[in-house]
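The structure appears below as structure tokens.
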Amino acid sequence: MSNVYDVAYELEKAVRESDDYKNLKKLYDEVNADESAKRLFDNFRNMQLELQQKQMTGQEISEEEVQKAQQTVAIIQQHEAISKLMEAEQRMSVLVQELNKVIMKPLEELYGNPEDSNSVQ
């Protein structure tokens with residue numbers, strides 16, 4: 001029987017070789033090669049992280065922060081390279097979620113799905 005870590009590394013290799021990952025890397029490299037796009041993208045990421053940290057710690061997000069975030073998103077969506085990168089990130093996120101479902105299936109079968117906790121077993 002193969003070691004579970006060997007299988008994990010095979011999965012990593014498969015992800016790296018997937019078209020979704022290759023496309024994501026290409027778009028990421030393109031954004032990072034363009035100084036203004038990189039600066040805009042980095043600012044967007046930093047803003048996202050700050051807002052997520054506030055949410056996680058229970059801090060209130062001000063109306064001004066919400067408006068600034070909406071403006072930044074509107075600008076980002078109009079930038080073709082960044083917009084394509086974000087679409088590719090979303091596709092990779094879906095792939096990772098699907099892989100996680102497959103990986104967690106044995107534990108879900110053993111303990112049940114928390115989403116199904118309202119149903120009688």
Side-chain angles (χ1 to χ4, degrees):
M1 188 163 120
S2 66
N3 184 323
V4 72
Y5 293 106
D6 293 337
V7 175
Y9 287 115
E10 285 298 314
L11 181 57
E12 175 200 8
K13 183 180 176 186
V15 169
R16 287 182 188 276
E17 292 174 356
S18 72
D19 290 340
D20 284 334
Y21 177 80
K22 288 176 183 177
N23 185 49
L24 175 66
K25 183 169 180 356
K26 178 179 90 53
L27 293 167
Y28 181 81
D29 290 344
E30 286 175 13
V31 167
N32 280 291
D34 178 335
E35 191 175 319
S36 66
K38 180 181 177 1
R39 188 170 44 253
L40 185 61
F41 188 65
D42 287 347
N43 288 340
F44 173 70
R45 287 287 185 222
N46 289 335
M47 180 194 63
Q48 265 188 324
L49 287 173
E50 287 173 19
L51 294 178
Q52 286 174 350
Q53 287 175 341
K54 277 189 159 190
Q55 277 184 321
M56 289 171 41
T57 59
Q59 297 178 47
E60 200 165 315
I61 297 172
S62 71
E63 184 61 34
E64 182 181 329
E65 289 172 315
V66 170
Q67 288 177 359
K68 183 179 177 186
Q70 290 172 341
Q71 290 169 347
T72 304
V73 168
I75 292 167
I76 290 287
Q77 289 174 334
Q78 292 178 10
H79 194 290
E80 186 177 358
I82 296 173
S83 183
K84 285 182 180 179
L85 173 59
M86 291 176 68
E87 289 172 14
E89 286 177 338
Q90 182 61 37
R91 282 192 297 281
M92 279 303 299
S93 177
V94 169
L95 173 66
V96 169
Q97 288 173 5
E98 292 297 317
L99 291 173
N100 190 50
K101 283 181 188 176
V102 172
I103 292 167
M104 297 305 292
K105 192 169 181 98
L107 294 174
E108 185 179 305
E109 288 171 356
L110 183 62
Y111 291 102
N113 185 344
E115 295 171 6
D116 296 337
S117 64
N118 294 336
S119 64
V120 177
Q121 295 187 357

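The first residue in the sequence is number 1, and the count goes up from there.
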If you look only at distance, which donor and acceptor atoms sit under 3.5 Å apart when one is on a side chain in residues 22-34 and the other is two or more places apart or in another chain?
unit_1, atom_1, unit_2, atom_2, d
K25, NZ, D29, OD2, 3.0
K26, NZ, E30, OE2, 3.2
N32, ND2, Y28, O, 2.9
D34, OD1, S36, N, 3.1
D34, OD1, S36, OG, 3.0
D34, OD1, A37, N, 3.2

Using only heavy-atom distances, determine whether the side chains of S62 and E64 contain a donor-acceptor pair under 3.5 Å. no
Sequence neighbours excluded and cut-off under 3.5 Å, please list the side-chain donor-acceptor pairs for residues 44-51, or say none.
unit_1, atom_1, unit_2, atom_2, d
R45, NH1, Q48, OE1, 2.7
R45, NH2, E89, OE1, 2.2
R45, NH2, E89, OE2, 2.4
N46, ND2, D42, O, 3.3

In residues 95-102, what donor-acceptor pairs under 3.5 Å come from side-chain atoms, sequence neighbours left out?
none

Discussion item. Does E109 have more than 12 heavy atoms from other residues, nucleotides or ligands lying within 6.0 Å of its CD?
Written reply: yes
* Is there a chain of hydrophobic side chains (I, L, V, M, F, W, Y, each step under 4.5 Å between heavy atoms) that links M92 to I103? -> yes
Residues pairing under salt bridge (Lys or Arg N to Asp or Glu O under 4.0 Å) where one sits in residues 52-63, two or more places apart or in two chains, turn out to be K54-E65
Treating Ile, Leu, Val, Met, Phe, Trp and Tyr as nodes and any side-chain heavy-atom pair under 4.5 angstrom as an edge, say whether Y21 and V94 lie in one connected cluster.
no
E17 meets the salt bridge (Lys or Arg N to Asp or Glu O under 4.0 Å) criterion, sequence neighbours left out, with none
Separation between CG (N43) and CD1 (I75), nearest 0.5 Å, reads 10.0 Å
Working for side-chain contact (heavy atoms from CB on, under 4.5 Å), residues M86 and Q90: CA-CA 6 Å; M86 291 176 68; Q90 182 61 37; over 6 Å; no
Indicate if M56 and I61 have the same hydrophobic cluster label, given that clusters are the connected sets of ILVMFWY residues with side-chain heavy-atom separations under 4.5 angstrom. no
Under 3.5 Å, sequence neighbours excluded: what are the donor-acceptor pairs made by side chains of residues 76-85?
unit_1, atom_1, unit_2, atom_2, d
H79, ND1, I82, N, 3.4
E80, OE2, K84, NZ, 3.2

